[in-house]
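Data block below; observations after.
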Amino acid sequence: MKTNPGLFFEDYSVGQVVNHAVPRTIGTGERALYHALYPSRHALFSSDVFAQSCGLPSSPIDDLAAFHVIFGKSVPDISLNAIANLGYAEAQWILPVYPGDTLNSRSTIIGLKQNSNGKTGIVWVRTEGFNQSKKKVIEFVRWVMVRKRDFVTPAPKAVIPKLKNVVSSKDLVLPNGFNFNSYNFDLSGSSYIFEDYTIGEIIDHVDGVTVSEAEHMMATRMWQNTAKVHFNTQARPDGVRLIYGGHVMSMARALSFNGLGNAQMIVAINSGAHVNPCFAGDTIYAWSEVVDCADTSEPSVGALRLRLVATKGEAGVLKTEDGRYHDDVLLDLDYWVFIPK
Amino acid sequence: MKTNPGLFFEDYSVGQVVNHAVPRTIGTGERALYHALYPSRHALFSSDVFAQSCGLPSSPIDDLAAFHVIFGKSVPDISLNAIANLGYAEAQWILPVYPGDTLNSRSTIIGLKQNSNGKTGIVWVRTEGFNQSKKKVIEFVRWVMVRKRDFVTPAPKAVIPKLKNVVSSKDLVLPNGFNFNSYNFDLSGSSYIFEDYTIGEIIDHVDGVTVSEAEHMMATRMWQNTAKVHFNTQARPDGVRLIYGGHVMSMARALSFNGLGNAQMIVAINSGAHVNPCFAGDTIYAWSEVVDCADTSEPSVGALRLRLVATKGEAGVLKTEDGRYHDDVLLDLDYWVFIPK
Amino acid sequence: MKTNPGLFFEDYSVGQVVNHAVPRTIGTGERALYHALYPSRHALFSSDVFAQSCGLPSSPIDDLAAFHVIFGKSVPDISLNAIANLGYAEAQWILPVYPGDTLNSRSTIIGLKQNSNGKTGIVWVRTEGFNQSKKKVIEFVRWVMVRKRDFVTPAPKAVIPKLKNVVSSKDLVLPNGFNFNSYNFDLSGSSYIFEDYTIGEIIDHVDGVTVSEAEHMMATRMWQNTAKVHFNTQARPDGVRLIYGGHVMSMARALSFNGLGNAQMIVAINSGAHVNPCFAGDTIYAWSEVVDCADTSEPSVGALRLRLVATKGEAGVLKTEDGRYHDDVLLDLDYWVFIPK
């Protein structure tokens, strides 16, 4: 059979390296489309002139767009037979991606643990993305629950990787020459800077967007993410297409402009979970909590640690009395962002 | 509160200048998307080679696309709390926008008049768009009905700006070097020139397009127009998304190719009104009336003044017996366009 | 009447040449959109670096995207009054199309035959596409059934062109410098080469995609294909929009990546038929049959002749007992493709 059946739990071993297929040259076309799919307004990713005022050669590809490209490549090898994408950790943006860059990615298996039911197991992978100069642009860890092909295969030795709860602010990577010394607050659309945010502060981003089938499929295809459940109404018993979690992530990040307009550049994801499924017709809202703040080596640039929560319908209860997420919560994302001081 | 509540009627004063946020580098990606969203076929905006034959360095960004970018930036400051976009006047295209240009815009408040109900008022603004060289590319006047925050605030002194009914043909701006001396009528797709049109002539553009949710949202987001009613089914009591008036404008202009294939470049809007709301599922048709014609300083280029009417369903009665627009009329736009002589 | 009524059967004569309107500069924006509309993963059209490893200057515009651009231009002159697009033959890709190229096309009438009902006739045209250097990039023959304007017009002399059943493998055109000597099978996403495929082999491409209104309209508009039935729910008595046959072709070709990941470049279409109409909501699947194989003048490059069948719902019976296509078959396409040896 020449088609790709995907890998099953017993096909993975700790230390194994998988080179993912289909390198991608990403350009201003993908940027235009990204900005038509999400209400993105962060000036750094919208204007070459603004990006140059921040010390960059031109406007990079949106942080999460680069993430989705690297992630998408790993889907046919890592999550084609996955039941669930369980979590993220240690994600870092290391080099900006510019229009014309060609990206590819590879994953290393760093952990394995068979579930007690004997039918599935958890696979931890560290995925790294590289540009045409073989320089690393992004890396992240994710773990997924994967089906076994054959339930009688004995369980592998369990290896659970030690992952940081939080990327240390000291490890955040400032792009070469990046600074906010000539930052124009009229153009950025917000007057709030690093010092204006306080730990524990909650920001309701107010706006909501009702999602449509065509849009989430176009977004997901753009990243060459091939998971069937996003495209084929016959792939799920309920006959509806599941929206790619990354679509919710990008939508929530774009909505967060309203209240976090100067939170220009995502540089790390500490943890993240796609809590409930999202379907066309749902209206996505978002709110953020300021979790921490830190200096960087560049005096004009501060780092905020934010928790971004996306909900179906306006924000309500986050967790129910028994400590589980409320049904309306779609995403709970903990990340670091650069903001002017 | 760090989110943008928008400005209310009493926040504006005559003479006030508002610099709009989020500059935008616009490129061939936006052009590709524009041509996928509208059946645009005017050769000047489709082919670099054709544009060069008209004396331009390359194909500019579509006239209305540039307009929507400049307009979209003004939405968070001018029309977030608007009830209605009442009209346009004195719109002019001053410099073509080319792929790679970075646009921003600012508005000056030129008029204010509180409505007799004490709850709303009319705000007139002149919005100007600039490129990265700080050269003006587009300007236009629009007026909107805006909510008051607090009904007891006293009314400001009414200032109603004197606006031209029509942009004088003498004021239309020919791009540097622009001419139709080497115009290829096989490639343009129409053999009709300036002299073939007569004042009073009506042209039914025949074709119709049924609009879909995904398309109008992608278009509207591309211009970074954030008005909630276009994206959120929960933003209106009837649960439907209102289609951005500019989407209807671009659709009607594209449909007008069939009958006005050589009407290459919009250079002014004399007046315009979004007469009735448009929703997904509506089928948009258009017809034009030739209102006036004029020479320009370039002998190969004529100017036609056209009235472009967009309707829901095929063209019927424009106005009812009591002089009001018929329910099926969506747009009534009066503009100048350049056409070969 | 200044609108284009299209040509009717009696307007064509054998030998007549029609220059099609609206040249188009095609760029990386169109590529981004193509990859968002179809799950395209062939590395040659995804990565500049990969294309360079195959001896090309950069990644060309997708083979079928270039085809659709050339085809789309012919619609207003050839098929506006067509009842059906009956078939293709002798299609060849002669030069790759690169971002920035400007394409136009012309058709020559090569055959005519009035149908016995006296109301319609068949028109055969050879359509050729050219780039800005007036070099031919693509050519193909298609034949369509076209309405007569006036049934009493006498039938023209029937001329039925002699068309090749198959483009000879000797006539397939290798782009200058094209080779697979440095081919990277990790990056291409498939390890199967020319020698791994056997004549008669059937490959089920497994994946399915449910199509949506917004997507097929955006695709069809991108090619400036103006046929009303694709855009206007009022254009057909059943009130539904017919999906452009080229959309099914591109979808099926993209799905065929799963099983034919190294079948990088379509170089000829031997024959093709849009067998049944496709509508939004249909889920498109595809399977291929290996029909023939051949060497090329470049030792690293082989040619496979493939039959690509697209179906509504998973593949079932191709033809019914009476030899007609089953209702679920959408497309039957016979083409040549280059693949590494």
Side-chain angles (χ1 to χ4, degrees), chain A residues 1-6 17-34 36-37 69 72-73 76-77 80 99-104 106 131-134 212-228 230-235 239-241 280, chain C residues 27-43 45-53 58-59 99 184-192 196-197 201 203-218 254 257-261 280-281 283-285 313-314:
Chain A
M1 204 173 64
K2 295 189 170 75
T3 49
N4 175 25
V17 174
V18 185
N19 290 302
H20 304 308
V22 198
R24 172 71 159 224
T25 303
I26 190 161
T28 52
E30 280 80 4
R31 176 152 66 194
L33 203 37
Y34 191 82
L37 291 166
V69 172
K73 296 191 186 323
D77 297 318
L80 212 60
D101 280 2
T102 299
L103 303 181
N104 57 65
R106 71 164 183 236
N131 66 18
Q132 68 281 2
S133 311
K134 302 190 192 306
S212 80
E213 297 286 11
E215 288 167 311
H216 79 84
M217 289 194 293
M218 288 180 71
T220 308
R221 261 188 224 114
M222 188 157 54
W223 323 124
Q224 302 179 308
N225 180 331
T226 58
K228 297 177 211 290
H230 304 319
F231 301 106
N232 187 342
T233 55
Q234 307 182 338
V240 292
R241 283 167 275 201
Chain C
T28 51
E30 279 82 3
R31 176 153 64 194
L33 203 37
Y34 191 83
H35 291 213
L37 291 166
Y38 308 106
S40 306
R41 300 186 75 228
H42 287 97
F45 298 112
S46 178
S47 161
D48 283 344
V49 178
F50 193 93
Q52 285 154 6
S53 80
S58 69
S59 183
N184 183 322
F185 290 91
D186 272 353
L187 292 181
S188 76
S190 167
S191 59
Y192 298 99
D196 296 321
Y197 293 90
E201 180 177 353
I203 302 156
D204 180 345
H205 300 302
V206 178
D207 305 312
V209 171
T210 309
V211 294
S212 81
E213 297 287 10
E215 289 168 309
H216 78 84
M217 289 194 293
M218 288 180 71
F257 177 88
N258 199 357
L260 285 162
T283 300
I284 300 178
Y285 290 80
E314 290 185 53

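Here is the naming used below: chain letters follow the sequence lines, and residue numbers restart at 1 for every chain. Please read these numbers as outputs of a predicted model, since none were measured by experiment.
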Item checked: Contact class of Asn184(C) relative to chain A, heavy atoms under 4.5 angstrom -> neither
Margin query: Tell me if a side-chain donor or acceptor on Asn258(C) pairs with a main-chain N or O of Asn4(A) at a distance below 3.5 Å.
Written below: yes
Next item on the list: Considering only heavy atoms and a distance below 4.5 Å, find which of Ile284(C), Asp207(C), Thr283(C), Leu260(C) pairs most often with chain A.
Entry: Thr283(C)
Note to self: Taking ring-ring contact (aromatic ring centres under 6.0 Å, His included) as the definition, give me every residue that meets it alongside His42(C), ordered by chain and number, with sequence neighbours left out.
What the structure shows: Phe257(C)
Check: So, for Thr3(A) and Asp204(C), which heavy atoms are closest and what is the spacing to 0.1 Å?
Finding: CG2-O, 3.2 Å
Margin query: For the CZ atom of Arg41(C) and the NZ atom of Lys73(A), what is their distance to the nearest 0.5 Å?
Written below: 7.5 Å
Item checked: Minimum-distance pair of heavy atoms, taken over all atoms of Met217(A) and Thr210(C) -> CE-O, 3.7 Å
Notebook entry, point to check: Under a 4.5 Å heavy-atom cut-off, does chain A meet the side chain of Ser40(C), its backbone, both or neither?
Noted result: backbone
Margin query: The test is side chain to side chain contact (heavy atoms under 4.5 Å, CB included); show your working for Asn19(A) and Leu187(C) and say whether it passes.
Written below: CA-CA 8 Å; Asn19(A) 290 302; Leu187(C) 292 181; over 6 Å; no
Next item on the list: Mind listing the closest non-hydrogen atom pair of Ala21(A) and Gly189(C) along with its distance?
Entry: CB-CA, 3.1 Å
Checklist line | Proximal component of Thr233(A), with respect to chain C [non-hydrogen, under 4.5 Å] | finding: both
Note to self: With a 4.5 angstrom heavy-atom cut-off, is it the side chain or the backbone of Glu201(C) that approaches chain A, or both, or neither?
What the structure shows: side chain
Notebook entry, point to check: Quick one: what part of His20(A) sits under 4.5 Å from any heavy atom of chain C, side chain, backbone, both or neither?
Noted result: backbone
Next item on the list: Tell me, out of Met218(A), Met222(A), Gln224(A), who's got the most heavy-atom pairs with chain C below 4.5 Å.
Entry: Met218(A)
Check: If you count heavy-atom pairs under 4.5 Å with chain A, which of Ser46(C), Ala43(C), Ala32(C) comes out on top?
Finding: Ser46(C)
Item checked: Contact leader toward chain A among Phe50(C), Phe45(C), Tyr38(C), where contacts are heavy-atom pairs under 4.5 Å -> Tyr38(C)
Check: Which one, Ala214(C), Gly281(C), Gly259(C), leads in non-hydrogen pairs under 4.5 Å with chain A?
Finding: Gly259(C)
Check: Do you know which of Gly208(C), Pro99(C), Gly261(C), Ala51(C) has the most heavy-atom pairs with chain A at a distance under 4.5 angstrom?
Finding: Gly208(C)
Check: Can you name the ring-ring contact (aromatic ring centres under 6.0 Å, His included) partners of Phe231(A), sequence neighbours left out?
Finding: none
Notebook entry, point to check: Can you name the closest pair of heavy atoms from Pro39(C) and Arg221(A) and give their distance?
Noted result: N-CD, 3.5 Å
Note to self: Less than 4.5 Å to any heavy atom of chain A: does that hold for the side chain of Arg31(C), its backbone, both, or neither?
What the structure shows: neither
Check: Side chain, backbone, both or neither: which part of Arg241(A) has a non-hydrogen atom closer than 4.5 Å to chain C?
Finding: side chain
Notebook entry, point to check: Does any non-hydrogen side-chain atom of Leu33(A) lie less than 4.5 Å from one of Leu33(C)?
Noted result: yes
Checklist line | Heavy-atom closest contact (Gln234(A) atom, Tyr285(C) atom, distance) | finding: OE1-OH, 2.9 Å
Margin query: Just to verify, which of Asn104(A), Val22(A), Thr25(A) counts as forming a side-chain contact (heavy atoms from CB on, under 4.5 Å) with Ser47(C)?
Written below: Thr25(A)
